[in-house]
Amino acid sequence: MIEAASRRQRVGIAGFGAIGHAIAADLAASNAADIAFVATRQQPAADRRLGLSDEIFVSVDRPLPLEGVDLVVEAATPEVFAQVAPQVL
């Protein structure tokens with residue numbers, strides 16, 4: 001097993017409105033961690049400014065790719081969070 005301190009941290013983001021976008025922008029700018037996924041109701045177009053590809057966006061209606069994810073940040077509406085919370089908690 002790889003120790004968390006010896007590898008790059010992977011962060012999932014639940015929601016991609018103003019708050020989720022700001023979190024993704026901060027992570028991308030700081031290069032502090034890898035963005036593992038962004039869970040959204042609607043898949044936005046890839047955000048080339050942030051270096052985000054289409055592949056990291058997942059629908060909240062599908063299982064989240066949680067394997068290897070160290071932290072999930074909640075930045076969603078209460079309705080969306082109610083959908084993803086059972087998988088994360």
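Hydrogens, waters and symmetry mates play no part in the numbers below; they use all other heavy atoms, side chains included.
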Going from CD on Glu74 to CD1 on Ile13, what distance comes out if it is rounded to the nearest 0.5 angstrom?
12.0 Å
Hey, could you give me the CZ/CD1 distance between Phe16 and Ile56, rounded to the nearest 0.5 Å?
7.0 Å
Pairs in or reaching into [range]: which pass salt bridge (charged side-chain N to carboxylate O under 4.0 Å, His left out), with residues at least two apart or in two chains?
range          : result
residues 76-88 : none
residues 10-26 : none
residues 15-24 : none

Using a 6.0 Å cut-off, check whether atom CG of Leu71 has over 12 heavy atoms from anything other than its own residue.
yes
Set of side-chain contact (heavy atoms from CB on, under 4.5 Å) partners for Ala22, sequence neighbours left out
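Scan of Ala22 (side-chain contact (heavy atoms from CB on, under 4.5 Å), adjacent residues dropped) gives none.
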Taking the side chain as every heavy atom from C-beta outward, state whether [X] and [Y] have any pair of such atoms under 4.5 Å apart.
X     : Y     : result
Val60 : Thr40 : no
Leu66 : Val72 : yes
Thr77 : Arg41 : yes

Could you list all the side chain to side chain donor-acceptor pair (under 3.5 Å) pairs where at least one residue sits in residues 60-69, not counting sequence neighbours?
Asp61-Gln83
Are the side chain of Gln9 and the backbone of Val11 linked by a donor-acceptor contact shorter than 3.5 Å?
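Side chain of Gln9 to backbone of Val11, a donor-acceptor pair under 3.5 Å: no, none is there.
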Do you know which two heavy atoms are closest between Val80 and Ala76, and how far apart they sit?
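Nearest pair, atom of Val80 first, then Ala76: CG1-CB, 3.6 Å.
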Acceptor/donor pairs from residues 31-39 side chains to any protein atom, 3.5 angstrom cut, sequence neighbours excluded:
unit_1: Asn31; atom_1: OD1; unit_2: Arg8; atom_2: NH2; d: 2.9
unit_1: Asp34; atom_1: OD1; unit_2: Arg8; atom_2: NE; d: 2.8
unit_1: Asp34; atom_1: OD1; unit_2: Arg8; atom_2: NH2; d: 3.2
unit_1: Asp34; atom_1: OD2; unit_2: Arg8; atom_2: NE; d: 3.3

